[in-house]
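Heads up, the thing below is written out as structure tokens.
The figures that follow rest on heavy atoms only: side chains count, while hydrogens, waters and symmetry mates do not.
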Number of protein chains: 2
Amino acid sequence: MIARSELKKELINAGIRPSVQRLAIYEYVKSHHTHPTADVVYDALRDVLGSLSLTTVYNTLKLFVDAGLVQLLTIDDTFRCFDGDTTSHAHFRCDSCGRIVDLKIKSDFLAMVDGLGGFEIKEAQLYLKGICPICKRKN
Amino acid sequence: MIARSELKKELINAGIRPSVQRLAIYEYVKSHHTHPTADVVYDALRDVLGSLSLTTVYNTLKLFVDAGLVQLLTIDDTFRCFDGDTTSHAHFRCDSCGRIVDLKIKSDFLAMVDGLGGFEIKEAQLYLKGICPICKRKN
DNA sequence: TTTTATATTTGCAATGATTTCAGAAATGAA
DNA sequence: TTCATTTCTGAAATCATTGCAAATATAAAA
């Protein structure tokens with residue numbers, strides 16, 4: 001868990017004014033590694049904060065993604081979810097339970113791609129899908 | 001370009017009855033490596049075939065994806081597109097022109113991921129984003 | 001502190017890609 | 001041909017996401 005004051009500094013350093021809503025949303029995605037959707041963040045924070053608009057959650061998360069503070073995941077084709085961990089790692093989505101799991105990688109994603117001369121790479125995502133160990137044991 | 005009769009066989013082998021629409025859609029995604037959306041396929045084929053419904057295109061592409069004949073790409077978070085090439089390769093999406101490019105990979109995606117014990121992997125996608133060589137030269 | 005300007009939030013309506021659904025058409029079997 | 005099943009169609013519905021204009025909060029100036 002990162003301290004609130006530390007998170008506040010990160011927002012300011014990124015040129016983002018740390019409003020009550022923004023700080024709460026930032027704290028949520030940085031402390032929950034569950035890859036929440038905007039809706040999940042909204043449901044979790046609407047009670048904590050006095051009031052909160054779903055639009056604010058969408059706008060704020062987009063702000064964070066554009067600033068490079070948060071990753072946008074499109075591993076599930078029916079909704080977007082967010083990851084406060086911006087270090088390089090892969091994601092696995094279980095076809096059975098829908099859970100999204102972080103996976104460590106051995107080296108940089110780009111190391112395994114050919115013919116990247118001339119390309120400027122700003123982002124890389126490795127998505128794996130299948131059945132997770134928990135669901136596999138159940139069947 | 002693959003022969004029509006060959007494509008027909010592939011559909012039958014996958015347990016899919018090769019209707020006129022299905023064969024046309026299958027031929028389109030197998031011969032165009034432009035990663036089209038359902039809408040693009042619809043626009044391209046509605047004139048060729050006498051009539052065609054966008055619903056049919058969506059249903060048919062989903063059918064192909066479920067059968068493993070076609071890949072579904074979610075590299076762009078605002079729409080889904082399709083790739084008739086099911087061999088293992090990476091995709092690059094240019095932030096400037098939106099073009100999606102195929103990239104060769106040096107080895108299997110899974111080789112670089114740690115801690116996959118217990119997971120059953122059915123699908124893997126490596127998405128890269130940034131600026132393509134053509135757009136880079138223009139700026 | 002008050003005033004003023006600017007940035008942020010809010011709630012609702014609109015958007016647009018995708019899906020559902022029920023009827024129409026095509027296909028295959030008998 | 002007749003019947004049963006599959007496939008296709010077009011319009012309506014869905015739902016995550018965004019646009020917008022009004023309301024609120026914040027910061028700077030007076």
*Donor-acceptor contact present, side-chain A:Thr60 to main-chain A:Thr56, <3.5 Å*: yes
*What's the CG-C1' distance between A:Leu52 and C:dT9, to the nearest Å?*
9 Å
*Among side-chain atoms of B:Thr87 and B:Asp85, is any donor-acceptor pair under 3.5 angstrom?*
yes
*Which value, rounded to the nearest 0.5 Å, describes the distance between B:Cys135 atom SG and B:Arg99 atom CZ?*
7.0 Å
_A:His91 and A:His89 aromatic centres sub-6.0 Å_ = yes
_Residue B:Arg22, side-chain atoms from C-beta onward, closest of C:dA17, D:dT7, C:dT10_ = D:dT7
_Please report the distance, rounded to the nearest Å, between CG in A:Leu49 and C1' in D:dA25._
14 Å
*Please check the phosphate of D:dT9 (OP1 and OP2 only) for any side-chain N or O of B:Ser51 closer than 4.0 Å.*
yes
*asked:* Closer than 4.0 angstrom, basic N to acidic O: yes or no for A:Asp95 and A:Lys129?
replied: no
*Give a yes or no on this: more than 12 heavy atoms of other residues, nucleotides or ligands lie within 6.0 Å of atom CD1 of A:Ile134.*
no
*When the distance from CG of A:Asp39 to P of C:dG11 is rounded to whole Å, what number comes out?*
15 Å
*Selection from D:dT9, C:dT9, C:dG11 that lies nearest to any side-chain heavy atom of A:Ser53*: C:dG11
*Specify the separation, in whole Å, of atom CZ of B:Phe79 and atom P of D:dT17.*
16 Å
*asked:* OP1 or OP2 of D:dT9 versus the side-chain N and O atoms of B:Gln21: is any pair under 4.0 Å?
replied: yes
*Is A:Val101 reachable from A:Val29 through a run of hydrophobic residues whose side-chain heavy atoms are each under 4.5 Å from the next?*
no
Enumerate the protein-to-nucleotides 18-23 of chain D contacts in which both atoms are nitrogen or oxygen and the separation is below 3.5 Å.
residue : atom : partner : partner atom : Å
D:dT18  : OP1  : A:Arg80 : NH1          : 3.3
D:dG19  : O6   : A:Thr55 : OG1          : 3.2

_side chain to side chain contact (heavy atoms under 4.5 Å, CB included) partner of B:Leu69, the single match among B:Thr86, B:Leu11, B:Leu61_ = B:Leu11
*Is a side-chain donor or acceptor of B:His32 paired with a backbone partner of B:Lys30 at a separation under 3.5 angstrom?*
no
*To the nearest Å, give me how far apart CG (A:Leu23) and C1' (C:dT9) are.*
16 Å
*To the nearest Å, how far apart are B:Leu61 CG and D:dC8 P?*
12 Å
*Using whole Å, report how far CG of A:Leu72 lies from P of D:dT17.*
9 Å
*Whole angstrom is fine here: how far is it from CG in A:Leu45 over to P in C:dT10?*
11 Å
Polar-atom pairs under 3.5 Å, protein N or O versus N or O of nucleotides 22-30 of chain C: list them with distances, or write none.
none

